[in-house]
Enquirer: 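For reference, the structure I am asking about is given below.
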Amino acid sequence: NTTKCQSSKPQTLHEHAQSAVVAVSALSGFGLSNALNSSNTGSFGEDANTTKCQSSKPQTLLEHVEELYKKVESIEKTIGSFERQSDSSGSSNSSALKPSGIDVVLGGQWGDEGKGKLVDILSQEYDVCARVAGGSNAGHTIVVDGKKYKFHLLPSGVLNKEAECIVGNGVVVHIPSFLNELDTLEAAGVDYKGRVLISDRAHLVFDFHQTVDGMREDTLGRNKIGTTKKGIGPAYASKISRNGIRIGDLQNFAYFEQRFRSLAEATMNAYPGLEIDVEGQLEYYKSIAPRVGAMTADTIEYTNKLYHDGKKILVEGANATMLDIDFGTYPFVTSSNPSVGSVLTGLGVSPDKVRGIYGTVKAYCTRVGEGPFPTELIPDGPTSIGYHLGTVGAEYGTTTGRQRRCGWLDIPQMQYSCLINGFTAINLTKLDVLTGLDEVKIGVAYKHNGKFLQSMPSCLQTLGECEIVYESMPGWAEDISKCKTFEELPTNAQKYVLRVQELLGVPVRWIGVGPNRLDQIDRGEAWDLSSQR
C-alpha cells in the first residue's frame, strides 16, 4: 500500500504514466502538491492537480515521455523510492496488474452512495460476489436496460450469470425477505439457482425482531435513531446475547425448535404485550428448511478455497462508514461494522487476502434518518440547492422510501473514512446531479469555537456545533451523461473531480455521470493504488 515512486526507470509509456499517477496522488495526500512545480521543467498542466503534459512544451511522444520521467525523478527526491518487483529473469512484473484476490466496494459516507452500480459493473470480471455485514436494511438499486432491480440481502452481482454469490457469516438474514428477493429475480428472468450460498453461521432475523425494532424506536420519541425497523439491531442483540439462532440450525430442526421456543419466550418476557405466534412460525420455518438447506454452506472454508484456487472475489459493502457501530455518528448508526474490518470478520478471511479497497462517495452528500449532518442544505423551496440535489438526484431511500437529507461534499468526513478504510481508489458517483448549478461548494474543514479541528469529533454535540469552511468552485451547465472519458467532461467538472482527489489524497478512478448502468467513466487501473502492490 506504499505510495512511493519506483526507483528503477520505467521502460514503457504505460509504466511512466502509472508512476506519475501514484506519485501525484501521494503528494496530494501528503500535502506536497507544490513539489510538482519545484523543477524548471514546468507542471503537469494548468495547475498542480492535473496530469496532462504542457501542450506548449513537449511536441512529440518521446518528448512527452521524457517530461513525465523528469517529473517522476523530481517527485522521488521529495518522498523517496521503492524497489520494483521483478520476476526471476529480472524483468519488471507489469503484466500482473489485477491478480486474483479480494477486492472490496465500501460506502464512504452515510450510505446510498451507489455501491451496487459499481459492483454490478465490476462483477462481470469476478468469479464470486459476497455480502459480509448488515441485513435487509441495505438497499442497492441497479438499472439495466431501463429496468430497476432492488437488492436488500443478495449481492447485486447476482445479475452476472457467471458469478457465484455468497451471503457471509456477518450478515443477519430475514428468510422471508431473502426468499422473496430470489423469487422476484426469478420472475424477472434472472437465473440464480446453484449460484447463491448462505453461510451456516449467519444469524436469523425473525418477524418479532422487526416488531421489537419498531417498538424500541417508538419509545424513543424525539430521540429516535431513525432505524429502518427491519429488525437488524435486535437480531444482532440476540447474537451478542448468545441466544440467537443461525442458518445452519435449520438443518437440525429439533435443535432449531428448542432454541426458537427459548428465544421467543425470552423476548416476550422482555417486552410485555409482545405476542409471538410460536407454532405458526415453527410451521413456516419447517416448510422452508429444505429450500434454505440447499443453499446453506460452510462459506468460510469455501471462500478460502476459492481464493487459493485463484478465483477473484468481490465484496459488496452495505451501509457506510459513518453508520459503523464503532466509527460512525453513534448512536445514529447501524448495528454492524460496514467498514473494511467487516470483510475479515464477516467472510472469514485473513487481512493479507484483501487487495483493492474502493470507497464509494457521492459528488455531494446525503443521509437518511436522524443524526448530525454538518454540510446539510435545507430544501426550502424549488430554487434552493437542497431541493435541486434531492429532486435531480432522486434522493429517496431504496429500503424505506424516506426522503434523504442532502448537502455539499464533506471532505473532513471523507478524510476520516479514508483513514479508517485505506481506500485504494475512489468511486465518485452522481457528478451529473451537480450539472446546472452556477456554483458548487466543498466543505474542506471543521471549526469549533473558532479553532480548526484536526480529526472527526466523537461527541455529537461538538459535531453539531461545528462551523463548516467551504471552498467555492464554478459550476457547469453541459450535459455530461454521454461522457465516456475524463477528458470529455466540461473543464469545470474536471477541476471539481481533481480538487476532490487532491483533498483526499486518493485517486478518483470511477466517475458516475448518469443513472443508467453504463453511465460511468473508468479512468483505468493506473488510478488504483492496489494495482501498484
Side-chain angles (χ1 to χ4, degrees), residues 1-6 18 22 25-26 29 81-88 92-108 115 118-119 122-123 125-133 155 157 163-171 197 199 201-202 297-318 321 324 326-327 336-360 417-427 505-507 509 525-533:
N1 194 25
T2 181
T3 53
K4 297 180 180 179
C5 299
Q6 297 176 344
Q18 280 200 321
V22 175
S25 295
S81 62
F82 65 80
E83 294 296 326
R84 302 170 69 204
Q85 293 183 348
S86 301
D87 59 24
S88 58
S92 65
N93 186 20
S94 60
S95 61
L97 292 177
K98 197 172 185 62
S100 61
I102 300 175
D103 292 336
V104 189
V105 177
L106 297 174
K115 300 178 288 293
L118 179 61
V119 169
L122 291 181
S123 65
E125 305 172 11
Y126 288 79
D127 304 297
V128 182
C129 295
R131 277 279 309 274
V132 297
E164 291 188 77
C165 294
I166 292 175
V167 178
N169 58 275
V171 180
L197 294 177
S199 173
R201 292 175 171 83
D298 180 351
T299 58
I300 297 172
E301 188 277 334
Y302 186 63
T303 303
N304 281 279
K305 181 180 183 301
L306 290 170
Y307 173 85
H308 289 296
D309 287 346
K311 303 298 184 182
K312 296 196 304 187
I313 302 168
L314 182 66
V315 172
E316 178 177 355
T321 301
D324 189 290
D326 288 301
F327 305 121
S336 61
N337 292 105
S339 51
V340 70
S342 64
V343 178
L344 314 181
T345 59
L347 196 56
V349 296
S350 55
D352 61 302
K353 295 181 175 66
V354 177
R355 204 180 62 90
I357 306 170
Y358 306 137
T360 303
S417 186
C418 291
L419 179 68
I420 290 168
N421 295 294
F423 297 137
T424 63
I426 296 295
N427 171 31
V506 180
R509 174 173 175 178
E525 288 188 352
W527 298 89
D528 178 358
L529 297 177
S530 70
S531 68
Q532 306 300 314
R533 292 176 177 174

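The residues of the chain are indexed from 1 along the displayed sequence. When reading the values below, keep in mind they use all heavy atoms of this one structure, side chains included, and skip hydrogens, waters and symmetry mates.
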Enquirer: When you measure from the side chain of Asn169 to the backbone N and O of Ser199, does any donor-acceptor pair fall under 3.5 Å?
Expert: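 No; zero donor-acceptor contacts below 3.5 Å.
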
Enquirer: Heavy atoms, side chains only, cut-off 4.5 Å: are Ser530 and Ile357 in contact?
Expert: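 SC-SC contact between Ser530 and Ile357 ruled out.
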
Enquirer: Would you name the heavy atoms of Ile300 and Gly348 that are closest together and state the gap between them?
Expert: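 Nearest heavy atoms, Ile300 then Gly348: CG2-O, 3.6 Å.
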
Enquirer: Taking the side chain as every heavy atom from C-beta outward, state whether Lys115 and Leu106 have any pair of such atoms under 4.5 Å apart.
Expert: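 When only atoms from C-beta onward are counted, Leu106 and Lys115 do not touch, as no gap falls below 4.5 Å.
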
Enquirer: Below 4.5 Å, heavy atoms only, C-beta onward: do Asp103 and Leu122 meet side chain to side chain?
Expert: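 They are not in side-chain contact.
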
Enquirer: When you check the gap from the basic side-chain N to the acidic O, do Asp127 and Lys312 get nearer than 4.0 Å?
Expert: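 No salt bridge links Asp127 with Lys312.
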
Enquirer: Asn427 side chain to Gly359 main-chain N or O, any donor-acceptor pair under 3.5 Å?
Expert: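 Not at all, since once roles are kept as given, no pair shorter than 3.5 Å links the two residues.
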
Enquirer: Has the side chain of Asn421 got a donor or acceptor atom that lies under 3.5 Å from a matching backbone atom of Phe423?
Expert: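 Side chain of Asn421 to backbone of Phe423: no pair is present.
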
Enquirer: On a heavy-atom basis, which atom in Gly168 and which in Ala202 lie closest, and how many Å separate them?
Expert: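 For Gly168 and Ala202, the tightest heavy-atom pair comes out as O-CB, 3.7 Å.
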
Enquirer: Thr303 side chain to Thr299 main-chain N or O, any donor-acceptor pair under 3.5 Å?
Expert: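 Yes, Thr303 side chain to Thr299 backbone: donor-acceptor pair under 3.5 Å.
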
Enquirer: Among Val315, Ile313, Asn304, find the one that has a side-chain contact (heavy atoms from CB on, under 4.5 Å) with Val349.
Expert: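 Looking at Val315, Ile313, Asn304, the match for Val349 under the side-chain contact (heavy atoms from CB on, under 4.5 Å) is Asn304.
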
Enquirer: Evaluate the side-chain proximity of Thr345 to Asn337: yes if any heavy-atom separation is below 4.5 Å, no if none is.
Expert: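 The answer is no; the side chains never approach within 4.5 Å.
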
Enquirer: Are the side chain of Ser417 and the backbone N or O of Gly108 linked by a donor-acceptor pair below 3.5 Å?
Expert: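 Yes, Ser417 side chain to Gly108 backbone: donor-acceptor pair under 3.5 Å.
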
Enquirer: Can you find a pair of side-chain heavy atoms, one from Ile426 and one from Trp527, that are under 4.5 Å apart?
Expert: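 In short, these two side chains do not touch, never coming nearer than 4.5 Å.
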
Enquirer: Going by the rule side chain to side chain contact (heavy atoms under 4.5 Å, CB included), which residues pair with Val119 if we only count those two or more places apart in sequence or in a different chain?
Expert: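 If we apply the side chain to side chain contact (heavy atoms under 4.5 Å, CB included) test to Val119, skipping adjacent residues, the hits are Val105, Ser156, Leu314, Glu316.
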
Enquirer: Do Ile166 and Leu347 make a side-chain contact, defined as non-hydrogen atoms from C-beta onward lying under 4.5 Å apart?
Expert: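 When only atoms from C-beta onward are counted, Leu347 and Ile166 do touch, with a gap below 4.5 Å.
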
Enquirer: Answer yes or no: does atom NZ of Lys311 have more than 12 heavy-atom neighbours from other residues, nucleotides or ligands under 6.0 Å?
Expert: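 Counting other residues, nucleotides and ligands, NZ of Lys311 stays at 12 neighbours or fewer.
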
Enquirer: If we only count heavy atoms from C-beta on, is the Thr424 to Tyr358 side-chain gap below 4.5 Å?
Expert: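 Counting from C-beta outward, Thr424 and Tyr358 do come under 4.5 Å.
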
Enquirer: Between Ala133 and Ser342, which heavy-atom pair has the shortest distance, and what is it?
Expert: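 For Ala133 versus Ser342, the nearest heavy atoms are CB-CB, 4.0 Å.
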
Enquirer: Sequence neighbours left out, what passes salt bridge (Lys or Arg N to Asp or Glu O under 4.0 Å) with Lys305? Give chain and number order.
Expert: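 Testing Lys305 for salt bridge (Lys or Arg N to Asp or Glu O under 4.0 Å), a comparison that skips the adjacent residues, returns Asp309.
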
Enquirer: Less than 3.5 Å apart, any donor N or O on the side chain of Glu164 or Tyr126 sitting next to an acceptor on the other?
Expert: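 Judged by distance alone, the side chains do not pair up.
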
